[in-house]
Amino acid sequence: MTLRVLIPTLLLLVPIAEGQLLTGARVDRPLTVGEVHHWEVDAAAGDFVQVVAVQRGVDVVATVLDPAGQAVGTFDTPNGDLEQEIRFIAGPPGRYRVEIRAAMPEAEPGRYSIRLAARRPATATDRRVAAAISAQVDANRLRMSPDARRASLERYRDAMALWREAGERAGEANALRAMGFAYIRLKEDDEAYKVFSQTRGLWRELGDVRAEAFALLVLGTIHTRREEPLDTRAKALEALPLFRRAGDRWQEAFTLGEIGDTYARMKNRAQADRWFDRALAVARKTRKPSLQAAILGNRARACEVLGDTAGALDAYTRSADLWDAARMPKHAAEARAQIAKLQTPRFNTVPH
C-alpha cells in the first residue's frame with residue numbers, strides 16, 4: 001500500500017489560472033508536481049455545488065476557497081484513477097475557487113478532467129451530505145493526531161450515520177474504511193480486521209471491485225503483521241483479479257509484487273522470482289518508470305530477506321536509474337543509500 005506524503009510548504013507551487021467551470025462541460029488537463037490549477041464557480045448563497053474531478057496517472061488534491069479566499073474544505077481520494085466528488089454548500093454569494101494540485105511531492109506528470117456536475121439551491125439531502133462530509137473531515141483531522149486518534153472513531157460513526165440518512169452507501173463505506181485506518185494507527189489490528197472485512201462486503205454489494213480489492217490488500221497487510229504469510233498470499237490472490245477487472249494495472253503490478261514478497265518471506269526463491277517477473281512485465285506495459293522503479297525496490301528488499309546481496313544490489317541499481325528517469329531524485333537517493341549500505345563488509349553475503 002502507498003502512504004500519502006503531504007506536500008512540503010517549501011515546495012515551489014506555480015499557480016495556473018484555468019478558467020470558469022460551466023455545468024456539464026468537461027475539461028481535460030495535464031498536471032505536473034508544483035502546479036496549482038485554479039478553477040472558478042459562481043454560486044449564490046445556499047447553493048449546493050458539486051464538481052467532479054477524474055484523476056488519471058496522478059493523485060490529486062482539491063481545495064475550495066470562498067469569495068474572500070477562506071478555505072471551505074479539502075478533498076482527497078486514495079491513489080489511482082478515481083472519480084473524486086468535490087461537494088459543498090456556498091456561504092456568501094460570489095465566485096468560489098477550486099484549486100487542483102498533485103498530492104505527492106514527487107510524482108510523474110499525469111492528467112485529470114474536471115466538470116461542474118451540479119449547482120442548485122441546497123435540499124435537505126444536500127445538507128445531510130454536507131454534514132457527513134464535515135464530520136468525516138473532522139474525523140480525518142483527529143486521526144492524524146496521536147492524542148486525539150481514539151476520538152476520531154466516534155466522529156467516523158457520526159459520519160456513517162449521516163451518510164446513511166443521506167442514502168449514500170458509498171459515503172458510509174468510505175467513512176468505515178477511514179475508521180479502519182484509525183484502528184490500524186491505534187495498533188488494534190483485531191478491530192481493524194473486523195472493520196475492513198465489513199468494508200470489503202459493502203464495496204462488493206456496491207459493485208466497486210477496485211475498492212473491494214484495496215480492502216483485501218489491507219486485510220493481507222494485517223496478516224503480514226501477524227506473521228501469517230499464507231493468509232497474506234490468499235488475500236492478494238483474491239485482490240488480483242479484481243484489480244484486473246477494474247483495469248488498474250498499477251495496483252495489479254503491486255499486488256503481483258506483494259505475492260512475490262510473501263514467497264520471499266517463506267524462503268521460496270523460485271516462486272518469489274516468478275511473481276516479481278510478472279509484476280515487472282505488467283509495470284513495463286504502463287510505460288511509467290516510477291512503477292517499475294517501485295517494483296524493483298520491493299524486489300531488492302525481497303532479495304535481502306533471501307540473503308541475496310548481489311541480487312539486491314542489482315535491483316536497487318536498476319530502481320535508482322528508473323527513479324532518475326522519472327525525475328524523482330528523493331526516491332533515487334533512497335535507493336542509492338540502500339546500495340551504499342549493502343556494500344559495507346557486513347552485508348557481503350553469499351546468495352542462497
Side-chain angles (χ1 to χ4, degrees), residues 1-5 28 30-31 33 52-62 75-85 100 102-104 106-114 170 173-174 176-178 180-181 196-197 199-222 224 232-262 274-299 322 326 328 331:
M1 302 293 290
T2 302
L3 297 179
R4 177 159 297 118
V5 181
D28 186 86
L31 181 67
V33 167
V52 176
V54 179
Q55 51 197 30
R56 297 193 301 279
V58 63
D59 188 25
V60 303
V61 173
F75 302 82
D76 197 3
T77 60
N79 293 335
D81 297 350
L82 294 176
E83 183 176 277
Q84 181 178 154
E85 287 189 310
I100 300 289
M104 305 295 287
E106 286 192 353
E108 289 183 82
R111 300 190 71 87
Y112 72 97
S113 64
I114 190 167
N174 271 315
L176 186 63
R177 173 170 56 191
F181 284 120
F196 277 103
S197 295
T199 304
R200 185 255 177 115
L202 276 174
W203 289 125
R204 174 178 279 185
E205 289 177 26
L206 291 167
D208 190 330
V209 294
R210 190 175 185 279
E212 182 187 352
F214 269 117
L216 284 163
L217 288 187
V218 176
L219 292 172
T221 299
I222 295 172
T224 298
T232 298
R233 183 187 63 182
K235 295 303 180 188
L237 286 170
E238 283 188 78
L240 189 58
L242 298 179
F243 282 129
R244 286 175 179 154
R245 281 172 56 190
D248 189 336
R249 284 195 157 175
W250 192 285
Q251 289 301 328
E252 179 187 348
F254 270 115
T255 304
L256 289 164
E258 176 70 16
I259 298 169
D261 180 70
T262 301
R274 174 180 170 234
W275 287 91
F276 273 115
D277 285 345
R278 292 176 64 182
L280 280 171
V282 173
R284 290 189 189 104
K285 290 178 182 177
T286 68
R287 301 182 184 275
K288 288 282 189 179
S290 61
L291 178 56
Q292 297 173 57
I295 296 296
L296 281 165
N298 291 343
R299 185 172 207 160
L322 284 163
M328 297 187 183
H331 292 293

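Heavy atoms only: backbone and side chains are in, while hydrogens, waters and symmetry mates are out. Along the sequence shown, residues carry numbers from 1.
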Looking only at heavy atoms, which two atoms of [X] and [Y] are closest? And how far apart?
X: Ala293; Y: Leu322; result: CB-CB, 3.7 Å
X: Ala246; Y: Arg210; result: CB-CB, 3.9 Å
X: Ala326; Y: Ser290; result: CB-N, 4.0 Å
X: Phe75; Y: Gln84; result: O-OE1, 2.8 Å
X: Thr199; Y: Ala173; result: CG2-O, 4.0 Å
X: Val33; Y: Ala102; result: CG2-CB, 3.9 Å

Spatial distance of atom [atom1] ([X]) from atom [atom2] ([Y]) [nearest 0.5 Å]:
X: Glu258; Y: Arg233; atom1: CD; atom2: CZ; result: 12.5 Å
X: Leu291; Y: Trp250; atom1: CG; atom2: CH2; result: 5.0 Å
X: Lys235; Y: Thr221; atom1: NZ; atom2: OG1; result: 12.0 Å
X: Asp261; Y: Ile295; atom1: CG; atom2: CD1; result: 10.5 Å
X: Leu242; Y: Leu216; atom1: CG; atom2: CG; result: 6.5 Å

| note | Sorted by chain and residue number, the salt bridge (Lys or Arg N to Asp or Glu O under 4.0 Å) partners of Arg111 (sequence neighbours excluded) come out as Asp28
| message | Glu108: which residues meet the salt bridge (Lys or Arg N to Asp or Glu O under 4.0 Å) condition with it, sequence neighbours left out? | response | none
| field | Any residue meeting side chain to side chain contact (heavy atoms under 4.5 Å, CB included) with Val282, in chain and number order, not counting sequence neighbours | value | Arg249, Glu252, Ala253, Leu256
| request: Indicate yes or no for a side-chain donor-acceptor contact from Thr232 to the backbone of Thr224 under 3.5 Å, with no hydrogens or angles considered. | output: yes
| task | Could you check Asn298 against Phe254 for side chain to side chain contact (heavy atoms under 4.5 Å, CB included), going step by step and ending with a plain yes or no? | result | CA-CA 9 Å; Asn298 291 343; Phe254 270 115; 3.8 Å; yes
| Can you name the residues that form a ring-ring contact (aromatic ring centres under 6.0 Å, His included) with Phe276, not counting sequence neighbours? | none
| query | Which residues satisfy the side-chain hydrogen bond (donor to acceptor under 3.5 Å, both in side chains) test with Arg274, sequence neighbours excluded? | reply | Gln271
| field | Audit row: Trp203, Asn174, side chain to side chain contact (heavy atoms under 4.5 Å, CB included) steps and yes/no | value | CA-CA 9 Å; Trp203 289 125; Asn174 271 315; 3.7 Å; yes
| said: Any non-hydrogen side-chain atom of Arg56 less than 4.5 Å from a side-chain atom of Tyr112? | reply: no
| field | salt bridge (charged side-chain N to carboxylate O under 4.0 Å, His left out) partners of residues 286-295, not counting sequence neighbours, each pair once | value | none
| task | Considering only NZ, NE, NH1 and NH2 on the basic side and carboxylate oxygens on the acidic side, decide whether Arg200 and Glu238 come within less than 4.0 Å. | result | yes
| query | Under the side chain to side chain contact (heavy atoms under 4.5 Å, CB included) criterion, do Leu217 and Thr255 qualify, and how do the steps go? | reply | CA-CA 8 Å; Leu217 288 187; Thr255 304; 3.8 Å; yes
